[in-house]
> 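Before I ask anything, let me first share the structure, which is written out below as C-alpha coordinates.
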Amino acid sequence: YRDGGTSLLIDTITTDLLPGLRIDYTVKTDFAGFAAIIDALGGVTIDVEERMYYKAVDVFIDLRPGVQHLDGEQALGYARFRMDAVGDFGTWSGEDHGRVERQKKLVAAVIDQTKDVRTLLRLPAVIRAVQAVVTTDMSFNVMARIGMTYKDVAEKDVELVPFTGMPQYVDGVSYVIPNIDVLRKTTGPLFGVAAPSEPPSN
(Lines give C-alpha, C1' and ligand atoms only; values in the text may rest on other atoms or scores of the structure.)
Protein backbone atom coordinates (compact mmCIF):
# COMPACT_ATOMS: atom_id res chain seq x y z
CA TYR A 1 0.00 0.00 0.00
CA ARG A 2 2.73 2.49 0.91
CA ASP A 3 4.29 2.15 -2.56
CA GLY A 4 1.19 2.27 -4.73
CA GLY A 5 -1.78 3.62 -2.82
CA THR A 6 -5.36 2.58 -3.40
CA SER A 7 -4.83 1.54 -7.02
CA LEU A 8 -2.12 -0.97 -6.12
CA LEU A 9 -4.24 -2.29 -3.23
CA ILE A 10 -7.16 -2.90 -5.60
CA ASP A 11 -4.89 -4.55 -8.16
CA THR A 12 -3.34 -6.80 -5.53
CA ILE A 13 -6.72 -7.97 -4.25
CA THR A 14 -8.37 -8.47 -7.65
CA THR A 15 -5.31 -10.01 -9.35
CA ASP A 16 -3.37 -11.91 -6.72
CA LEU A 17 -5.91 -12.72 -4.02
CA LEU A 18 -9.33 -13.03 -5.65
CA PRO A 19 -9.09 -12.97 -9.46
CA GLY A 20 -12.49 -12.06 -10.85
CA LEU A 21 -13.55 -9.91 -7.91
CA ARG A 22 -14.89 -6.48 -8.87
CA ILE A 23 -14.35 -3.57 -6.50
CA ASP A 24 -16.80 -0.76 -7.21
CA TYR A 25 -15.84 1.78 -4.53
CA THR A 26 -13.12 2.49 -2.00
CA VAL A 27 -13.06 4.42 1.28
CA LYS A 28 -9.85 5.64 2.92
CA THR A 29 -9.41 7.35 6.27
CA ASP A 30 -6.79 7.85 8.98
CA PHE A 31 -6.73 7.50 12.76
CA ALA A 32 -8.40 10.87 13.31
CA GLY A 33 -11.06 10.00 10.77
CA PHE A 34 -11.70 6.65 12.44
CA ALA A 35 -12.25 8.36 15.81
CA ALA A 36 -14.53 10.96 14.22
CA ILE A 37 -16.66 8.26 12.58
CA ILE A 38 -17.11 6.43 15.89
CA ASP A 39 -18.14 9.72 17.52
CA ALA A 40 -20.60 10.43 14.69
CA LEU A 41 -22.17 7.03 15.35
CA GLY A 42 -22.55 7.82 19.04
CA GLY A 43 -19.65 5.74 20.34
CA VAL A 44 -19.56 1.99 20.92
CA THR A 45 -20.01 -0.27 23.95
CA ILE A 46 -17.27 -2.88 24.32
CA ASP A 47 -16.23 -5.39 26.95
CA VAL A 48 -12.55 -4.50 27.30
CA GLU A 49 -10.78 -7.80 27.96
CA GLU A 50 -7.76 -6.56 29.90
CA ARG A 51 -5.94 -3.52 31.20
CA MET A 52 -4.67 -1.58 28.20
CA TYR A 53 -2.05 1.07 28.88
CA TYR A 54 0.47 2.42 26.43
CA LYS A 55 2.11 5.82 26.13
CA ALA A 56 4.33 7.10 23.33
CA VAL A 57 4.99 10.37 21.55
CA ASP A 58 1.98 10.05 19.24
CA VAL A 59 -0.36 7.73 21.14
CA PHE A 60 -1.84 7.35 24.62
CA ILE A 61 -4.03 4.35 25.45
CA ASP A 62 -5.53 4.00 28.92
CA LEU A 63 -8.42 1.53 29.20
CA ARG A 64 -9.49 -0.61 32.13
CA PRO A 65 -11.18 -4.02 31.89
CA GLY A 66 -14.94 -4.33 31.76
CA VAL A 67 -18.00 -3.33 29.77
CA GLN A 68 -17.91 0.38 28.93
CA HIS A 69 -19.04 2.89 26.33
CA LEU A 70 -16.09 4.17 24.31
CA ASP A 71 -15.86 7.45 22.44
CA GLY A 72 -13.89 7.74 19.22
CA GLU A 73 -10.44 8.21 20.76
CA GLN A 74 -10.99 5.37 23.23
CA ALA A 75 -12.24 3.05 20.49
CA LEU A 76 -9.18 3.92 18.43
CA GLY A 77 -6.97 3.01 21.39
CA TYR A 78 -8.80 -0.30 21.78
CA ALA A 79 -8.31 -1.06 18.09
CA ARG A 80 -4.62 -0.09 18.13
CA PHE A 81 -3.47 -1.73 21.37
CA ARG A 82 -0.98 -4.56 20.84
CA MET A 83 1.20 -4.59 23.95
CA ASP A 84 0.00 -7.94 25.25
CA ALA A 85 1.07 -11.58 24.99
CA VAL A 86 -0.23 -11.98 21.43
CA GLY A 87 0.70 -8.57 20.11
CA ASP A 88 -0.35 -7.47 16.66
CA PHE A 89 -1.39 -10.68 14.93
CA GLY A 90 -1.98 -14.31 15.71
CA THR A 91 -4.11 -17.00 14.09
CA TRP A 92 -4.43 -20.51 15.41
CA SER A 93 -7.14 -23.17 15.78
CA GLY A 94 -9.01 -21.42 12.97
CA GLU A 95 -9.43 -18.16 14.88
CA ASP A 96 -7.73 -14.76 14.95
CA HIS A 97 -6.19 -13.52 18.19
CA GLY A 98 -4.58 -10.33 19.49
CA ARG A 99 -5.23 -6.96 17.92
CA VAL A 100 -6.79 -8.45 14.79
CA GLU A 101 -9.42 -10.28 16.87
CA ARG A 102 -10.22 -7.10 18.84
CA GLN A 103 -10.63 -5.09 15.66
CA LYS A 104 -13.12 -7.64 14.31
CA LYS A 105 -14.99 -7.52 17.63
CA LEU A 106 -15.09 -3.73 17.44
CA VAL A 107 -16.46 -3.69 13.89
CA ALA A 108 -19.13 -6.25 14.79
CA ALA A 109 -20.15 -4.18 17.83
CA VAL A 110 -20.42 -1.01 15.76
CA ILE A 111 -22.64 -2.80 13.23
CA ASP A 112 -24.82 -4.25 15.99
CA GLN A 113 -25.21 -0.96 17.86
CA THR A 114 -25.90 1.45 15.01
CA LYS A 115 -29.24 0.17 13.75
CA ASP A 116 -30.95 3.21 15.29
CA VAL A 117 -28.96 5.61 13.06
CA ARG A 118 -29.77 3.70 9.86
CA THR A 119 -33.04 5.55 9.37
CA LEU A 120 -34.18 8.17 6.85
CA LEU A 121 -34.10 10.79 9.59
CA ARG A 122 -30.69 10.11 11.13
CA LEU A 123 -28.63 8.57 8.33
CA PRO A 124 -28.02 11.78 6.28
CA ALA A 125 -26.26 13.52 9.19
CA VAL A 126 -24.07 10.46 9.80
CA ILE A 127 -23.14 10.23 6.12
CA ARG A 128 -22.14 13.91 6.02
CA ALA A 129 -19.97 13.41 9.10
CA VAL A 130 -18.31 10.39 7.51
CA GLN A 131 -17.76 12.18 4.19
CA ALA A 132 -15.89 14.94 6.03
CA VAL A 133 -13.18 12.56 7.28
CA VAL A 134 -12.74 10.05 4.44
CA THR A 135 -11.49 9.96 0.87
CA THR A 136 -13.92 8.02 -1.29
CA ASP A 137 -15.42 7.72 -4.76
CA MET A 138 -18.82 6.91 -3.25
CA SER A 139 -21.48 9.57 -3.63
CA PHE A 140 -23.89 10.59 -0.87
CA ASN A 141 -26.67 8.71 -2.63
CA VAL A 142 -24.63 5.50 -2.85
CA MET A 143 -23.78 5.71 0.85
CA ALA A 144 -27.43 6.30 1.69
CA ARG A 145 -28.55 3.35 -0.46
CA ILE A 146 -26.05 1.04 1.25
CA GLY A 147 -27.09 2.30 4.68
CA MET A 148 -30.76 1.67 4.00
CA THR A 149 -30.16 -1.67 2.28
CA TYR A 150 -28.44 -2.95 5.41
CA LYS A 151 -30.52 -1.01 7.92
CA ASP A 152 -31.54 -4.15 9.83
CA VAL A 153 -28.17 -5.91 9.82
CA ALA A 154 -26.92 -6.93 13.27
CA GLU A 155 -23.84 -8.68 14.65
CA LYS A 156 -25.46 -12.09 14.13
CA ASP A 157 -25.60 -11.37 10.39
CA VAL A 158 -21.87 -10.68 10.11
CA GLU A 159 -19.56 -13.52 9.06
CA LEU A 160 -15.97 -13.06 10.19
CA VAL A 161 -13.23 -14.87 8.29
CA PRO A 162 -9.83 -15.54 9.91
CA PHE A 163 -6.95 -13.98 8.01
CA THR A 164 -4.54 -16.88 7.70
CA GLY A 165 -0.92 -15.85 7.35
CA MET A 166 2.47 -15.51 9.01
CA PRO A 167 4.07 -12.34 10.44
CA GLN A 168 7.33 -11.60 8.69
CA TYR A 169 9.80 -8.74 8.30
CA VAL A 170 10.61 -7.76 4.72
CA ASP A 171 13.33 -5.13 4.26
CA GLY A 172 12.89 -4.11 7.87
CA VAL A 173 9.12 -3.62 7.57
CA SER A 174 6.61 -5.84 9.41
CA TYR A 175 4.07 -7.60 7.20
CA VAL A 176 1.64 -10.50 7.45
CA ILE A 177 2.26 -12.83 4.52
CA PRO A 178 -1.16 -14.32 3.65
CA ASN A 179 -1.92 -17.94 2.95
CA ILE A 180 -3.52 -17.14 -0.38
CA ASP A 181 -4.92 -20.60 -1.11
CA VAL A 182 -6.82 -20.68 2.19
CA LEU A 183 -8.05 -17.10 1.88
CA ARG A 184 -9.37 -17.76 -1.61
CA LYS A 185 -11.39 -20.69 -0.33
CA THR A 186 -12.79 -18.82 2.68
CA THR A 187 -13.42 -15.35 1.23
CA GLY A 188 -14.13 -16.06 -2.44
CA PRO A 189 -17.57 -17.62 -1.88
CA LEU A 190 -18.65 -14.62 0.21
CA PHE A 191 -18.22 -12.43 -2.88
CA GLY A 192 -19.41 -14.96 -5.44
CA VAL A 193 -15.88 -15.55 -6.72
CA ALA A 194 -14.77 -19.14 -7.31
CA ALA A 195 -11.29 -20.01 -6.10
CA PRO A 196 -9.01 -20.61 -9.12
CA SER A 197 -7.79 -24.16 -9.51
CA GLU A 198 -4.24 -22.96 -10.01
CA PRO A 199 -2.62 -19.86 -8.50
CA PRO A 200 -1.39 -17.20 -10.95
CA SER A 201 2.13 -17.78 -12.24
CA ASN A 202 3.28 -14.40 -10.85
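The structure presented is a predicted model; accordingly, all values stated were derived computationally and were not measured. Numbers for residues simply follow the sequence, beginning at 1.
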> Less than 4.5 Å apart, side chain to side chain, heavy atoms only: is that true for Val134 and Lys28?
no
> Side chains of Val142 and Phe140: does their closest heavy-atom pair fall under 4.5 Å?
no
> What pair of heavy atoms forms the shortest contact from Ala75 to Val44, and how long is it?
CB-CG1, 4.1 Å
> Over all heavy atoms of both residues, which pair between Gly77 and Ile61 is shortest? Give the atoms and the distance, please.
O-CD1, 3.5 Å
> Find the distance between CG (Asp24) and CE (Met138) and round it off to the nearest 0.5 Å.
9.5 Å
> Any link between Leu41 and Leu120 through a network of hydrophobic side chains (Ile, Leu, Val, Met, Phe, Trp, Tyr) touching at under 4.5 Å?
yes
> Got a second to check how far Asn179's CG is from Lys185's NZ, nearest 0.5 Å?
9.0 Å
> Which atom names give the shortest non-hydrogen contact between Pro162 and Leu183, and what distance separates them?
O-CD2, 3.8 Å
> Going by side chain to side chain donor-acceptor pair (under 3.5 Å), name the residues that satisfy it together with Glu49, two or more places apart in sequence or in a different chain.
Tyr78, Lys105
> Any side-chain hydrogen bond (donor to acceptor under 3.5 Å, both in side chains) pairs touching residues 136-146, not counting sequence neighbours?
none
> Step by step, would you call Arg80 with Leu76 a side-chain contact (heavy atoms from CB on, under 4.5 Å)?
CA-CA 6 Å; Arg80 294 185 66 185; Leu76 176 63; 3.8 Å; yes
> Is the shortest side-chain heavy-atom distance between Ile111 and Val153 below 4.5 Å?
yes
> Test: ring pair (Phe, Tyr, Trp, His ring centres under 6.0 Å). Region: residues 16-52. Which pairs qualify, not counting sequence neighbours?
none
> Is Thr186 reaching over with its side chain to a backbone N or O of Val161, donor-acceptor style, under 3.5 angstrom?
no
> Just so I know, are the side chains of Val67 and Ile46 near enough to count as touching, which here means a heavy-atom distance under 4.5 Å?
no
> Looking at residues at least two apart in the chain, or sitting in another chain, which of them share a side chain to side chain contact (heavy atoms under 4.5 Å, CB included) with Gln168?
Val170, Ile177
> With no hydrogens and no angle check, do the side chains of Thr12 and Asp16 hold a donor and an acceptor under 3.5 Å apart?
no
> Among all residues two or more places apart in sequence or in another chain, which pass the side chain to side chain contact (heavy atoms under 4.5 Å, CB included) test with Ile10?
Thr6, Thr14, Ile23, Thr26
> Keeping to residues at least two apart or across chains, list the side-chain hydrogen bond (donor to acceptor under 3.5 Å, both in side chains) pairs with something in residues 111-129.
Thr114-Arg118, Asp116-Arg122
> Applying side chain to side chain donor-acceptor pair (under 3.5 Å), name anything that partners Asp30, two or more places apart in sequence or on another chain.
none
> Considering non-hydrogen atoms only, spot the tightest contact between Ile38 and Leu70 and give its length.
CG2-O, 4.4 Å
> Is there a donor-acceptor pair closer than 3.5 Å between any side-chain N or O of Arg184 and the backbone N or O of Leu17?
yes
> Show every side-chain hydrogen bond (donor to acceptor under 3.5 Å, both in side chains) that has at least one partner inside residues 55-73, sequence neighbours left out.
Thr45-His69, Arg51-Asp62
> Hey, quick one: are Val193 and Val182 part of the same hydrophobic cluster, counting side-chain heavy atoms closer than 4.5 Å, chains of contacts allowed?
no
> Applying side chain to side chain contact (heavy atoms under 4.5 Å, CB included), can you list everything that pairs with Leu160, at least two apart in sequence or on another chain?
Lys104, Val158
> If we only count heavy atoms from C-beta on, is the Met166 to Val176 side-chain gap below 4.5 Å?
no
> May I ask you to test the Tyr175-Tyr169 pair for a side-chain heavy-atom distance under 4.5 Å?
no
> Between Leu63 and Glu50, is any pair of side-chain heavy atoms under 4.5 Å apart?
no
> The criterion is ring pair (Phe, Tyr, Trp, His ring centres under 6.0 Å); which residues satisfy it with Tyr53, sequence neighbours excluded?
Phe60
> Determine whether Met52 and Val48 make a side-chain contact, defined as any pair of heavy atoms from C-beta on separated by less than 4.5 Å.
yes
> Would you say Tyr150 and Leu121 are hydrophobically clustered, going by side-chain heavy atoms of ILVMFWY under 4.5 Å?
no
> Any idea which heavy atoms bring Gly66 and Asp47 closest together, and the distance?
C-OD1, 3.4 Å
